[in-house]
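Per chain, numbering begins at 1; letters A, B, ... match sequence-line order.
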Amino acid sequence: MDKFEIARALDEISRYLELAEPSNKFKALAYERAARALRSQDRDVHDLIASGELTKTAGIGKATGAVIEELARDGRSPYLDELRARFPPGIFELLRVPNLGLKKIAILHETLGVGSLDDLEAAARANKLTTLKGFGAKTQEKILEGIDKARHRESRFLLPIALEAAENVREQLASIDEIDDAEVSGSIRRRLEVVRNINIVIATKKRDAVIAALLRVVENAAKVDDDTVKGILNGEMDVWFHLCAPADFGSTLLRTTGSVEFVEAFGRIPKAQDEADVFTRAKLPFVPPERRETADDLRRKRAPKLVELKHLRGTFHVHTTFSDGRNTVLEMLGAANERGLQYVGLSDHSPAAHYAGGLSEERLRQQWREIDKSLPEVAPLRVFRGTEADILPDGTIDYGERVLAKFDFVIASIHSRFQMSKDEMTERILLALDDPHVTFLGHLTGRKLLSRDGYSVDFDRVFEKAGARGVMIEINGNPNRLDLDWRHVPRALSFGVRFAINPDAHSIREYGALMTGTWVARKAGLGPKEIFNTRDADEVAEFLAERKRGAAGG
DNA sequence: GCCGTTTTCGGCCCGACTGTTTTCAGTCG
């Protein structure tokens with residue numbers, strides 16, 4: 001096992017310990033810390049073990065060290081196996097219920113034997129929860145509502161997860177000889193941030209043979225009508241296959257890509273093998289799939305040139321192990337280099353974000369030394385020193401004037417007090433936008449797709465101020481956030497706001513959020529010129545320096 | 001379970017909020 005797999009196992013032990021020994025929460029915390037300590041190690045875990053330095057690492061002691069050694073050597077830990085055996089396999093699915101944490105889950109399991117959403121619902125409906133210590137009528141009511149939310153979300157999927165599943169299915173189709181062509185359509189092709197099912201268009205001249213073959217590709221496959229087969233993937237995701245003749249592939253692709261409103265506005269769909277020809281024959285300008293949501297999307301006179309991943313020359317909003325990232329400064333910079341980026345803006349958390357390991361001034365200086373040390377190894381990559389600084393409840397920016405002036409750029413984000421009223425929240429953000437050190441506004445609404453609504457805010461007032469102050473609004477590409485929502489972008493544009501596509505990367509892998517962020521920008525109709533990080537390193541450096549001078553000069 | 005030291009126990013990150021209490025516990029970020 002590598003360090004990340006081992007760290008995941010340690011996190012799992014930690015979660016089980018909160019259930020198994022709720023009175024000793026620090027034991028669980030110790031395993032969590034050990035996981036974190038391991039992730040932030042530069043060196044290979046097997047080297048650390050061989051040299052005897054493992055347990056000298058801060059946060060890793062005798063017990064956690066022994067578990068790490070077992071996992072590294074055997075790929076399993078008897079201690080973890082034992083813990084798993086003590087609880088029902090689905091017990092952590094209960095965490096999907098809002099406001100239900102491990103402490104309460106432990107009580108529910110211990111006293112009522114609750115081990116799944118179904119168990120929990122039955123217990124709540126039987127009015128059994130109110131009898132438990134720490135639970136009351138309101139909690140029981142909220143849990144019942146929460147179960148509904150958890151179930152509702154169960155059948156919806158984040159775009160990258162659904163896309164990957166869909167592409168896997170499409171690859172399997174390649175082995176079916178009778179299939180001439182296959183393409184993913186539906187909301188996945190439109191790059192909608194949350195989708196409910198997979199749609200795949202299949203071109204074939206031998207319909208019956210393909211239908212027979214499809215029955216083996218997905219579970220519970222069944223013919224809906226002559227052209228449609230429906231099935232289930234991995235026991236959770238609905239898959240629809242749309243069969244058509246090769247000469248009809250383009251038209252079927254258009255029809256099943258949707259949206260329903262867009263297709264209705266399109267009117268009669270001419271037959272064509274190629275989708276672009278469908279538009280030509282209908283005497284309509286081609287509309288990229290991402291832009292096919294409303295009837296208006298068809299009426300635009302000129303299709304704008306949409307931004308593409310390859311246009312992004314660099315990126316901002318990247319975390320490292322100095323705060324809550326999982327890869328070191330060098331690893332994050334190296335990965336950016338491998339992606340062919342010209343520049344990276346590192347931005348770890350500020351002190352107010354305690355839970356995320358926000359950086360003190362001393363830790364900042366250490367990080368800057370580490371950046372300097374790493375630069376020769378990642379040349380010619382340019383590195384900008386930034387921060388993701390908390391917008392405090394009163395609207396001031398964490399760190400304060402003296403420290404903020406030292407950064408090349410500042411991303412201002414809200415990480416606390418989400419439940420303020422709309423007016424209070426708006427005022428808070430407006431005040432933050434007035435701080436001359438702020439370069440970007442981070443994840444504007446704080447939403448987490450499928451788990452948490454964003455806080456309420458007066459968008460127009462925020463856009464107006466951001467436009468006036470020249471503060472760019474981040475399009476956070478983290479698939480869980482995708483915040484700013486593409487639906488709000490046109491309004492922001494009308495106030496002169498500019499954007500940056502930021503990955504909010506907490507690991508090397510999460511640079512992938514540049515792709516999802518680009519999808520959002522495309523859905524919003526943005527071109528390369530409207531995205532700050534399509535500019536080259538010199539332009540960006542000049543812009544940031546100029547802004548800094550403005551902040552200093554007042 | 002880990003760590004440090006005023007070495008072998010006591011603290012471990014913290015503040016807001018909510019619902020449960022009657023002074024606090026669990027959850028969240």
Pick the [atom1] atom in [N] and in [M], then give their distance to the nearest Å.
| N | M | atom1 | value |
| --- | --- | --- | --- |
| B:dC24 | B:dT20 | C1' | 8 Å |
| B:dC12 | B:dT5 | P | 14 Å |
| B:dT23 | B:dG11 | P | 22 Å |
| B:dT6 | B:dG1 | P | 25 Å |
| B:dC9 | B:dC13 | P | 22 Å |

Just call it for [X]: base, sugar-phosphate, or nothing, with non-hydrogen atoms closer than 4.0 Å on any strand.
| X | result |
| --- | --- |
| A:Thr55 | nothing |
| A:Ala58 | sugar-phosphate |
| A:His415 | sugar-phosphate |

Just by modelled atom types, is the [Y] backbone N or O under 3.5 Å from a matching donor or acceptor in the [X] side chain?
| X | Y | value |
| --- | --- | --- |
| A:Asp483 | A:Gly446 | yes |
| A:Thr439 | A:Ile411 | no |
| A:Arg498 | A:Met472 | no |

Check: [X] ring centre within less than 6.0 Å of [Y] ring centre:
| X | Y | answer |
| --- | --- | --- |
| A:Phe440 | A:His317 | no |
| A:His354 | A:His415 | no |
| A:Phe407 | A:Trp368 | yes |

Starting at the 5' end of DNA chain B and moving along, which residue's nearest nucleotide shows up first, A:Arg33 or A:Lys62?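 It is A:Lys62, whose closest nucleotide lies nearer the 5' terminus.
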Toward the 5' end of DNA chain B, by each residue's nearest nucleotide, A:Gln419 or A:Ala28: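 Its nearest nucleotide lies further toward 5', so the answer is A:Ala28.
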Using a strict heavy-atom distance below 4.0 Å, which residues from residues 131-141 of chain A are in contact with DNA chain B?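 Here the set is A:Gly134, A:Phe135, A:Gly136, A:Ala137, A:Lys138, A:Thr139.
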Need two values: the first and the last nucleotide of DNA chain B, 5' to 3', having an atom under 4.0 Å from any heavy-atom of chain A.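 Contact boundaries, 5' end first: B:dG1 to B:dG29.
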Nearest heavy-atom pair of A:Ala389 and A:Leu404: which atoms, and what distance?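 That closest heavy-atom pairing would be CB-CD2, 4.5 Å.
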Under 3.5 Å, which donor-acceptor pairs do the side chains of residues 97-104 of chain A form with other protein atoms, sequence neighbours left out?
none

